[in-house]
Amino acid sequence: MGAYSFETYGELQPWVGREWLQTNGTGAFSSSTVIGCNTRRYHGLLVGATLPPVGRIVALSRINESIHRDGQTIELGISQFRDSLIPRGERFLRNFSHEITTTWQYEADGIELTKELMLCWDRNVCGIRYTIDPGTTGECELRLQPFIALRDFHALLRNDPSIDVRAQPSGCIARRYGNELFMRCEGMNFIEHRDWWYNFTYPIETERGQDDSEDLFTPGHFMVNVSSPTSFTFWAGLEPVDKIDWESQQARRAQNIQGHDAPTPTQRRLFRAAGDFVVARRTEDGLGGTTILA
């Protein structure tokens with residue numbers, strides 16, 4: 001069992017108020033709430049460090065996963081808008097765990113889906129592995145709709161026509177102000193459909209008295225039809241993501257994360273919490289060193 005593991009039973013509370021964090025030794029991170037609803041401007045699946053350990057940008061904010069069968073749509077994502085939470089994917093979330101990777105287990109209408117997120121060590125790349133079992137009632141379609149910000153992690157995004165998208169086999173590249181986000185999912189088709197979603201609201205920013213809403217851009221969606229248990233890995237990075245192996249990246253994370261083999265959950269949590277803030281930084285003479293992020 002991981003250092004953190006919870007049965008969530010499809011409930012909103014208290015999970016919308018509990019947050020997780022993955023780091024990779026460079027100042028980059030992934031972070032959100034247990035149910036996947038971003039409640040801070042700093043939340044995102046890929047927050048890269050373009051000048052490690054600083055120059056951080058929210059590149060990939062979130063992904064809206066949906067399952068389609070027999071005219072029915074089941075949305076697994078959840079987002080806060082000014083007066084509502086839409087969609088309500090937490091109703092289908094059964095378990096959350098956080099260790100070397102961060103894992104969500106969903107069940108809806110006889111379909112089981114496991115989502116496992118990993119931030120690659122020492123790289124501005126995250127991988128999300130989806131394992132879906134359509135059950136005994138026939139074929140279903142899985143869609144992944146990424147939402148892009150490509151903005152400084154202290155800022156907020158408004159509709160920006162300068163965002164450019166170039167479709168590629170199994171994915172696309174999004175560009176904004178010199179930053180590029182590469183996205184790819186082998187085995188899924190990318191369907192380009194550019195759109196803006198407006199007024200995502202971050203309640204923790206509201207509490208802080210700060211600007212609390214932004215617009216996010218989606219370039220389209222990835223889709224695949226599934227008739228038997230299958231896995232797909234979605235990659236997103238501030239560098240090309242053509243040749244990345246999940247198992248080797250997971251092994252590298254395990255080697256670098258402190259305390260994951262400590263004997264008790266409390267010790268694992270303490271080691272992990274301390275290690276998340278230790279990052280690489282070159283000294284004034286150009287040699288390799290480390291520092292602690294505030």
Side-chain angles (χ1 to χ4, degrees), residues 1-11 14-40 42-49 60 62-63 65 76 78 89-90 92-107 112-133 229 231-237 244-280 290 292-293:
M1 181 177 291
Y4 299 90
S5 183
F6 310 110
E7 299 292 334
T8 60
Y9 302 108
E11 299 292 335
W15 316 114
V16 71
R18 296 193 181 181
E19 302 169 66
W20 57 270
L21 172 71
Q22 271 197 46
T23 64
N24 73 347
T26 70
F29 64 90
S30 300
S31 182
S32 187
T33 60
V34 164
I35 59 173
C37 181
N38 291 347
T39 57
R40 302 178 185 268
Y42 303 104
H43 282 158
L45 301 180
L46 176 60
V47 182
L60 178 64
R62 60 182 294 270
I63 295 177
E65 300 92 359
L76 304 181
I78 177 170
E90 86 283 359
F92 309 108
L93 180 62
R94 298 294 175 257
N95 180 272
F96 168 88
S97 61
H98 181 65
E99 184 52 75
I100 301 301
T101 61
T102 306
T103 304
W104 298 260
Q105 294 178 335
Y106 297 88
E107 193 279 326
E112 295 181 357
L113 183 138
T114 298
K115 171 184 175 181
E116 189 175 7
L117 182 142
M118 172 177 61
L119 186 64
C120 294
W121 194 260
D122 197 32
R123 299 178 68 175
N124 287 316
V125 174
C126 76
I128 307 174
R129 173 165 286 186
Y130 295 91
T131 301
I132 182 168
D133 183 350
S231 292
F232 304 92
T233 304
F234 172 93
W235 294 102
I244 305 179
D245 177 70
W246 177 274
E247 282 72 24
S248 61
Q249 292 296 328
Q250 188 173 23
R252 191 175 183 205
R253 273 195 70 79
Q255 291 171 356
N256 284 279
I257 291 177
Q258 298 296 313
H260 67 88
D261 55 353
T264 70
T266 298
Q267 289 173 318
R268 289 197 292 273
R269 292 171 182 175
L270 290 171
F271 272 110
R272 178 68 173 268
D276 277 337
F277 295 91
V278 178
V279 298
T290 57
I292 299 174
L293 293 180

(message) W20 vs Y4, test: ring pair (Phe, Tyr, Trp, His ring centres under 6.0 Å). Steps then yes/no.
(response) CA-CA 10 Å; W20 57 270; Y4 299 90; over 10 Å; no

(message) Within the structure provided, determine whether N95 and S5 are in side-chain contact (heavy-atom separation under 4.5 Å).
(response) yes

(request) Classify the side-chain pair T26/D122 by whether it contains a donor and acceptor separated by less than 3.5 Å. (result) no

(message) Is it the case that the ring center of W15 lies less than 6.0 angstrom away from the ring center of F96?
(response) no

(request) Step through the shown structure and confirm whether more than 12 heavy atoms of other residues, nucleotides or ligands are within 6.0 Å of CZ on F271. (result) no

(message) For the OG1 atom of T114 and the CZ atom of R94, what is their distance to the nearest 0.5 Å?
(response) 12.5 Å

(request) Would you name the heavy atoms of Y42 and V47 that are closest together and state the gap between them? (result) O-CG2, 4.0 Å

(request) Could you tell me which residues satisfy salt bridge (charged side-chain N to carboxylate O under 4.0 Å, His left out) with E19, sequence neighbours excluded, listed by chain and number? (result) R40

(message) Please give me the minimum heavy-atom distance between A262 and Q267, naming the atom from each residue.
(response) CB-CB, 3.8 Å

(message) On a heavy-atom basis, which atom in W235 and which in D245 lie closest, and how many Å separate them?
(response) CZ2-C, 4.4 Å

(request) Find out whether T8 and E90 are in side-chain contact, i.e. whether some heavy atom of one side chain is under 4.5 Å from a heavy atom of the other. (result) no

(request) Enter the distance from W104:CH2 to E116:CD here, rounded to the nearest 0.5 Å. (result) 9.5 Å

(message) Within the 4.5 Å heavy-atom criterion, are F234 and L60 side-chain neighbours or not?
(response) yes

(message) Does this structure show an ion pair linking E99 with R253, if we count only N-O contacts that are shorter than 4.0 Å?
(response) no

(message) For the CD atom of Q22 and the CZ atom of R272, what is their distance to the nearest 0.5 Å?
(response) 6.0 Å

(request) Grab the two heavy atoms, one from C37 and one from V16, that are nearest each other, plus how far apart they are. (result) CB-CG2, 4.4 Å

(message) Please check this pair: side chain of N124 against backbone of A49, looking for a donor-acceptor N/O pair closer than 3.5 Å.
(response) yes

(request) Compare all side-chain heavy atoms of E65 with those of L113 and state whether any distance is below 4.5 angstrom. (result) no

(request) Taking salt bridge (charged side-chain N to carboxylate O under 4.0 Å, His left out) as the test, write out the residues that go with R18, two or more places apart. (result) none

(request) Can you see which heavy atom on I78 is nearest to which on R62, and at what distance? (result) N-NH2, 3.8 Å

(request) Answer whether the closest heavy-atom distance between the side chains of L117 and S30 falls below 4.5 Å. (result) yes

(message) For I100 versus A254, what's the shortest heavy-atom pair and its separation?
(response) CD1-CA, 3.9 Å

(message) So, taking the atom named CZ in F29 and the one named CG in L45, what distance separates them when rounded to the nearest 0.5 Å?
(response) 11.5 Å

(message) So, taking the atom named OG1 in T102 and the one named CE in M118, what distance separates them when rounded to the nearest 0.5 Å?
(response) 11.0 Å

(message) Is there a side-chain contact (heavy atoms from CB on, under 4.5 Å) between H43 and T33? Walk through the geometry before answering.
(response) CA-CA 8 Å; H43 282 158; T33 60; 4.1 Å; yes

(request) Report the distance from atom CG of L46 to atom CG of L119, rounding to the nearest 0.5 Å. (result) 7.0 Å

(message) Between N24 (side chain only) and C120 (backbone N and O only), is there a donor and an acceptor less than 3.5 Å apart?
(response) yes

(message) Could you tell me if the side chain of I244 sits less than 4.5 Å from the side chain of R123, heavy atoms only?
(response) yes

